[in-house]
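One structure is given here, and the rest of the page talks about it.
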Amino acid sequence: MTDYNFEDIETRWQKRWADGRTFEVTEDPARPKFYCLEMLPYPSGDIHVGHVRNYCITDVVARYKRMKGFNVLHPIGWDALGLPAENAAIKRGIHPEKWTRDNIASMKRQLQRLGFSYPWSREVATCDPEYYRWNQWFFLRMLERGIAYRAKAAVNWCPSCQTVLANEQAEGGTCWRCGSVVEQRDMEQWFLRITAYQDELLDDMAQLPTWPDRVLLQQKNWVGRSPGAEIDFAVEGAEPIRIFTTRVDTIYGATFMVLAPEHPRVDALMAGASAGAKAALATLRAQDRRARLEGQVEKDGVFTGRHATNPFNGERVPIWVGNFVLMGYGTGAIMAVPAHDERDFEFARKFGIPVRPVIRPAAGALDGASMAEAYVGPGVVENSGPFDGLSAEEALATMAAHAETKGFGKATITYRLKDWLVSRQRYWGTPIPVVYCEKDGIVGVPDAELPVVLPKDAPFTGEGGNPLEKVPSFVDARCPRCGGPARRETDTMDTFVDSSWYFYRYLSPQKKDGPFDPSAVRYWFPIDLYVGGIEHAILHLVYSRFWTKVMRDLGLVTFDEPVTRLFPQGMVHKDGEVMSKSKGNTVAPDTIIARYGADTLRLYILFVAPPEMALEWQDGQIEGPSKFVHRVWRLLDRHADAFAQELRERIPAELTPAARDLRRKVHQTIQRVTDDIEGRMKLNTAVSALMELVNEIYRLEPEVSKGPMRPVFQEALEALVLLLAPFAPHICEEMWQRLGRRFSIVDRNWPVADASLAREDEVELAVQVNGKVRGRVTVGAETSEEEVRRRALEDPKVQEAVAGKQVVKILVVPGRLVSVVVK
RNA sequence: GCGGGCGUAGCCGAAUUGGCAUAGGCGCCUGACUUAGGAUCAGGUGGGGAAACCCGUGGGGGUUCAAGUCCCUCCGCCCGCACCA
């Protein structure tokens with residue numbers, strides 16, 4: 001007997017895989033392909049358990065698919081640009097590149113230590129100039145088409161990260177990376193016109209039927225499509241003010257108008273207002289923006305002293321400024337219909353503004369003076385001149401059309417989605433490839449001069465400002481058009497640009513004359529499975545969809561969506577909290593591997609919870625999978641070498657009951673493990689099934705491992721090793737070899753279940769009388785329903801329960817139970 | 001507040017379509033082997049009860065021969081969204 005020396009076994013096979021280039025793949029039209037993708041890690045320094053979970057899931061699927069005969073692409077890379085590297089440079093004086101490369105090297109060792117089946121020749125690091133040159137190339141293509149543009153806008157500024165952020169990276173008014181409250185600043189910045197694709201982002205969800213609803217719902221909410229109308233309200237002695245509403249059907253009930261405090265017309269309208277009113281306005285403007293955005297501030301407002309005219313009924317309505325109206329949405333101005341909008345109602349009651357119902361609910365008329373809350377349900381339009389009698393729904397279209405005919409409005413659609421702000425005032429990102437020429441303005445760097453490379457000698461002082469600005473050799477440039485002096489753009493790109501298309505680069509990572517090889521894309525795309533954290537639902541997963549659509553319009557790909565199946569894995573918790581560096585509750589995979597081995601860690605992570613659910617890390621729980629691996633080791637260690645020496649014999653036609661039991665369990669397990677991986681990815685129950693198989697082999701080992709039934713035992717051991725291989729690949733390679741089989745198990749055919757062998761010969765049926773189990777009968781699997789019924793009623797316990805009563809009916813659920821109803 | 005998900009032994013979790021609740025694992029108990037065991041092997045392990053039986057999937061109600069699963073209602077936890085006109 002030999003000890004299970006996992007360290008020796010694992011390092012030996014990892015080396016063998018590397019030396020044999022086992023997981024390298026090329027396009028092979030003769031075989032079906034499977035593109036198995038995981039979200040690439042940021043090289044922070046350590047692989048954490050969350051990564052391990054993500055990559056264990058994909059590795060099982062990748063190895064399984066390969067054993068099934070698929071040509072599997074399962075690559076990995078590094079999301080290697082970003083702020084932490086630069087902060088390390090400031091704090092510790094290490095260059096971001098060195099910091100990043102060192103981290104990549106140690107994390108790569110950690111991944112290899114886990115035995116993941118990566119084709120390392122395809123490894124991509126986004127900080128490589130040969131990678132980010134294609135960011136620049138895409139940017140120039142977008143610039144040519146007006147998808148990339150520079151504009152002044154109110155943007156989110158993170159004072160801690162010292163850079164601007166995109167809208168979705170400042171959700172809730174806080175920075176996605178550091179959590180600081182962001183400030184609003186008016187700045188000129190670079191944007192990508194994602195809003196040009198907003199309808200497609202919604203409509204193409206129809207092509208993503210296997211994406212989880214919650215992800216699609218989040219994306220849908222984020223795009224925030226609201227059909228409505230824009231209406232111009234005339235203002236006495238000034239230009240009209242345009243409002244946006246989704247309820248134009250209620251416009252006859254508008255009793256006031258409200259502008260956002262930041263609305264550009266407010267100052268002029270209030271020029272003649274009292275000092276008190278101006279002070280009130282200043283108070284509104286000083287309110288915390290984040291709190292305002294989240295509705296945590298009590299509604300407040302100030303009357304401007306001016307009036308507007310409702311174009312539908314010519315009525316004069318007072319113009320207010322209110323803190324609940326946001327400049328960033330619609331036109332920053334609303335018509336307020338307190339009778340039919342909760343917010344307007346609250347405001348109107350606070351300031352004593354009249355409430356006039358114009359929708360009549362089925363339950364009866366409303367009274368504006370006494371109603372306790374706004375009525376927002378359906379009904380019939382009333383008090384609305386020529387539109388009376390229409391349903392509210394009909395009125396929406398009719399009244400918008402009316403406004404358009406009369407020239408004071410039109411039907412429109414407003415979106416919450418804003419263009420993607422991609423410029424960052426930091427060093428460790430992709431330089432935006434443009435120069436500013438005094439004569440020619442903004443000029444793109446010619447393709448031939450790409451990549452624009454980050455200078456190595458930038459000063460990292462941490463004193464604010466982008467280090468690139470302090471590198472004259474970088475900033476001073478020539479205009480490609482006129483040859484005159486020009487200033488190079490020092491902003492760099494959002495790192496979400498890098499991750500928007502990295503999965504194309506894996507296909508041809510060395511390609512010099514383009515971002516990827518189109519024929520490789522035709523072979524490998526779309527991605528068959530994409531596993532990663534759900535926190536990217538509205539960030540990376542929206543940007544990636546957008547990027548592919550842009551690439552399609554550039555003629556680079558022919559499809560609309562890059563990912564067929566998205567599988568967000570659950571988080572890893574410890575002590576009831578998300579495991580994270582900042583919480584200080586992390587578990588280092590290295591420590592676990594040193595103590596238990598990579599195979600055990602992999603099994604534990606997959607076994608302890610279903611992949612989509614939160615996993616609560618509990619130290620003791622790993623003992624189960626650890627014992628299991630040892631049990632497998634001892635079992636194979638007892639028998640493998642002998643089988644390797646023997647001639648392979650056929651399984652006898654006649655089996656002993658024990659051999660029959662074992663064969664049945666083997667084929668049932670093949671069926672279960674295959675179904676569990678294939679369908680709902682229930683990898684936890686797949687591991688359970690393997691544990692059951694091992695328990696059964698142990699139970700039957702004394703009877704089946706010797707004598708004429710020995711080939712059945714051999715079949716069981718080989719099936720076990722094959723089925724376990726995707727989960728615990730090292731020990732299975734070892735055992736496959738010990739069984740006298742050839743390297744490598746990754747190419748072995750996945751076993752096929754024989755349904756006739758898996759079927760039970762006999763089944764025990766529970767017999768219920770009026771819903772209670774009163775007896776049991778064991779019958780052959782093929783017994784007729786008639787016979788089952790008869791046998792059920794023969795059972796003495798059942799007879800007792802039925803005695804003296806009338807049998808109303810008998811239901812037989814094949815293979816399950818018999819239900820007798822009496823009265 | 002709105003939307004979605006979840007709630008099963010002491011703990012992590014199983015349970016195709018409604019069909020014997022608690023598979024598998026942890027922990028615990030007993031035994032075997034042992035100088036020893038935090039190793040291994042075997043057995044046991046929802047609650048009550050001497051037993052027959054009864055009760056049990058967050059609480060309450062309903063549909064059904066049959067409910068963890070379907071319906072209503074309440075409670076708790078988690079995740080999204082949240083003054084978006």
Side-chain angles (χ1 to χ4, degrees), chain A residues 171-172 212-215 217-218 220-222 224-226 228-229 243-248 250 258 260 291-299 322-326 328-337 340-344 346-347 414-416 534-535 537-538 570-571 573 576 603-604 607-610 612-628 630-631 634 672 675 679-680 682 684-695 698-699 764-773 776 797 808-823:
Chain A
E171 234 210 302
D213 288 341
R214 62 194 162 134
V215 173
L217 189 67
Q218 267 192 70
K220 199 172 164 213
N221 290 340
W222 186 253
R225 185 179 195 270
S226 295
I243 61 97
F244 172 74
T245 180
T246 55
R247 291 297 306 274
V248 69
T250 64
V258 190
R292 253 188 73 200
L293 254 172
E294 299 193 354
Q296 291 167 352
V297 172
E298 198 197 333
K299 283 186 185 46
N323 60 354
F324 69 103
V325 177
L326 307 169
Y329 185 79
T331 61
I334 64 161
M335 67 172 194
V337 184
H340 303 296
D341 182 282
E342 286 170 37
R343 298 149 300 181
D344 298 351
E346 193 186 331
F347 194 87
T414 289
Y415 297 83
R416 210 169 84 125
I534 193 153
E535 67 274 16
I538 59 162
M571 303 207 165
H573 293 213
L603 281 167
Y604 164 70
F607 169 72
V608 79
E612 73 280 6
M613 270 179 44
L615 181 161
E616 175 71 25
W617 183 282
Q618 291 182 39
D619 286 327
Q621 297 271 8
I622 199 171
E623 293 298 336
S626 175
K627 284 181 196 169
F628 169 68
H630 279 88
R631 262 163 87 78
R634 286 191 304 271
R672 277 183 64 185
D675 291 349
R680 296 178 299 158
K682 302 284 281 180
N684 55 324
T685 51
V687 177
S688 303
L690 291 165
M691 288 174 168
E692 283 186 50
L693 175 62
V694 170
N695 290 345
Y698 264 69
R699 186 173 76 83
E764 189 187 63
L765 303 179
V767 184
Q768 293 182 344
V769 178
N770 283 356
K772 303 245 184 230
V773 178
R776 292 175 188 283
K797 286 280 176 74
V808 180
K809 66 176 160 180
I810 303 176
L811 295 103
V812 178
V813 183
R816 299 280 182 182
L817 54 70
V818 180
S819 183
V820 182
V821 187
V822 299
K823 68 176 182 186

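Chain A is the first sequence line, chain B the second, and so forth, proteins listed ahead of strands; every chain is numbered from 1.
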message: If I take atom NZ in residue A/Lys772 and atom P in nucleotide B/C53, what distance separates them, rounded to the nearest angstrom?
response: 12 Å
field: Residue list, side chain to side chain donor-acceptor pair (under 3.5 Å) with A/Glu346, at least two apart or on another chain
entry: A/Lys299
message: Tell me if the side-chain of A/Arg776 makes a donor-acceptor pair with the base of B/C20, cut-off 3.5 Å, by modelled atom types.
response: yes
field: Atom C1', compared across B/G68 and B/A14: separation rounded to whole Å
entry: 12 Å
- prompt: So, is A/Arg680 close to the B/A15 phosphate, meaning a side-chain N or O under 4.0 Å from OP1 or OP2?
  reply: yes
- prompt: Which atom names give the shortest non-hydrogen contact between A/Phe244 and A/Thr331, and what distance separates them?
  reply: N-OG1, 3.5 Å
message: So A/Glu764, base contact, sugar-phosphate only, or nothing? Heavy-atom distance under 4.0 Å.
response: base
P gap between B/G56 and B/A21, integer Å: 12 Å
- prompt: Are A/Asn684 and B/A23 close enough that a side-chain N or O sits under 4.0 Å from OP1 or OP2?
  reply: no
- prompt: Within this structure, what is the CG-to-P distance between A/Asp619 and B/G25, rounded to whole angstrom?
  reply: 20 Å
- request: Check whether any side-chain nitrogen or oxygen of A/Lys627 sits under 4.0 Å from OP1 or OP2 of B/C26, and answer yes or no.
  value: yes
query: If we take the C1' atom in both B/U64 and B/C70, what is their distance in whole Å?
result: 10 Å
query: How many Å lie between CG on A/Leu811 and C1' on B/A66, as a whole number?
result: 9 Å
- prompt: Tell me, do A/Thr250 and A/Met335 make a side-chain contact under 4.5 Å, heavy atoms counted?
  reply: yes
query: In chain order, what residues pass the ring-ring contact (aromatic ring centres under 6.0 Å, His included) check against A/His630, with sequence neighbours excluded?
result: A/Tyr4
message: If you compare every side-chain N and O of A/Lys682 against the phosphate oxygens of B/A23 (OP1, OP2), does one of them come in below 4.0 Å?
response: no
task: Could you tell me the separation between the NE2 atom of A/His630 and the P atom of B/G25, rounded to a whole number of Å?
output: 16 Å
- prompt: Using a cut-off of 4.0 Å on non-hydrogen atoms, how would the nucleic acid contact of A/Phe628 be classed: base, sugar-phosphate, or nothing?
  reply: nothing
query: Between A/Lys299 and B/A85, does any side-chain N or O lie under 4.0 Å from OP1 or OP2?
result: no
message: I'd like the C1' distance from B/G43 over to B/C33, given in whole Å.
response: 15 Å
- request: Would you mind classifying the nucleic acid contact of A/Gly771 as base, sugar-phosphate or nothing, using non-hydrogen atoms under 4.0 angstrom?
  value: sugar-phosphate
message: OP1 or OP2 of B/G25 versus the side-chain N and O atoms of A/Arg631: is any pair under 4.0 Å?
response: no
- line: Between CD1 of A/Ile538 and P of B/G3 the distance, given in whole Å, is 21 Å
- prompt: Pairing of RNA chain B as dot-bracket, 5' to 3': ( ) intra-strand, [ ] crossing, | other strand, . unpaired, with Watson-Crick or G-U pairs under 3.5 Å?
  reply: (((((((..(((......[....)))((((((.......))))))(((....)))..(((((..]....))))))))))))....
field: Gap in Å between the two P atoms, one belonging to B/A66 and one to B/C55, rounded
entry: 14 Å
field: Separation of the C1' atoms in B/C28 and B/G46, to the nearest angstrom
entry: 14 Å
query: When you compare B/G58 with B/A15, how far apart are their P atoms, in angstrom units rounded to a whole number?
result: 16 Å
message: Below the 4.0 Å mark, does B/A85 have OP1 or OP2 next to a side-chain nitrogen or oxygen of A/Ser226?
response: yes
field: Student check: side-chain heavy atoms of A/Phe324 and A/Asp344 closer than 4.5 Å
entry: yes
- prompt: What nucleic acid atoms does A/Val608 come within less than 4.0 Å of, heavy atoms only: base, sugar-phosphate, or nothing?
  reply: sugar-phosphate
No-H, no-angle donor-acceptor pair, A/Gln621 side chain to B/G25 base, under 3.5 Å: yes
query: Starting at the 5' end of RNA chain B, which residue's closest nucleotide do you reach first, A/Gln618 or A/Gln218?
result: A/Gln618
message: Students often get this wrong, so: under 4.0 angstrom with heavy atoms, is A/Asp213 touching a base, only sugar-phosphate, or nothing?
response: nothing
task: Please work out if A/Lys220 contacts a base, only the sugar-phosphate, or nothing of the nucleic acid, heavy-atom cut-off 4.0 Å.
output: nothing
query: Is the backbone of A/Glu298 close enough, under 3.5 Å, to the side chain of A/Asn323 for a donor and an acceptor to pair up by distance?
result: yes
task: Using a cut-off of strictly less than 4.0 Å, decide whether A/Arg634 has a side-chain nitrogen or oxygen near OP1 or OP2 of B/C41.
output: yes
task: Send over the distance from A/Asp675 CG to B/U17 P, rounded to a whole Å.
output: 13 Å
query: Do the side chains of A/Val821 and A/Leu811 get nearer than 4.5 Å, heavy atoms only?
result: yes
task: Could you check how far OH of A/Tyr415 sits from C1' of B/A85, rounded to whole Å?
output: 17 Å
message: Using side-chain heavy atoms (C-beta onward) and a distance below 4.5 Å, is A/Met613 in contact with A/Asn684?
response: no
statement: Taken to the nearest whole Å, CZ/A/Arg816 to C1'/B/U69 is 13 Å
Any A/Asn221 side-chain nitrogen or oxygen under 4.0 Å from OP1 or OP2 of B/A82: no
- prompt: What's the verdict on side-chain hydrogen bond (donor to acceptor under 3.5 Å, both in side chains) for A/Arg631 and A/Asn695, showing C-alpha distance, side-chain angles and the deciding distance?
  reply: CA-CA 9 Å; A/Arg631 262 163 87 78; A/Asn695 290 345; 3.0 Å; yes
query: NA contact type, A/Met335, heavy-atom cut-off 4.0 Å: base, sugar-phosphate, or nothing?
result: nothing
query: When the nearest nucleotide of RNA chain B is assigned to A/Val773 and to A/Met691 on a heavy-atom basis, which residue is associated with the more 5' position?
result: A/Val773
- request: Assign A/Lys797 to base, sugar-phosphate, or nothing according to its heavy-atom contacts below 4.0 angstrom with the strands shown.
  value: sugar-phosphate
query: For atom P, what is the distance between B/C20 and B/G10, given to the nearest Å?
result: 22 Å
- request: Please work out if A/Arg416 contacts a base, only the sugar-phosphate, or nothing of the nucleic acid, heavy-atom cut-off 4.0 Å.
  value: base
task: Identify whether any heavy atom of A/Thr245 sits under 4.0 Å from a base atom; if not, whether one sits that close to sugar-phosphate; answer base, sugar-phosphate or nothing.
output: sugar-phosphate
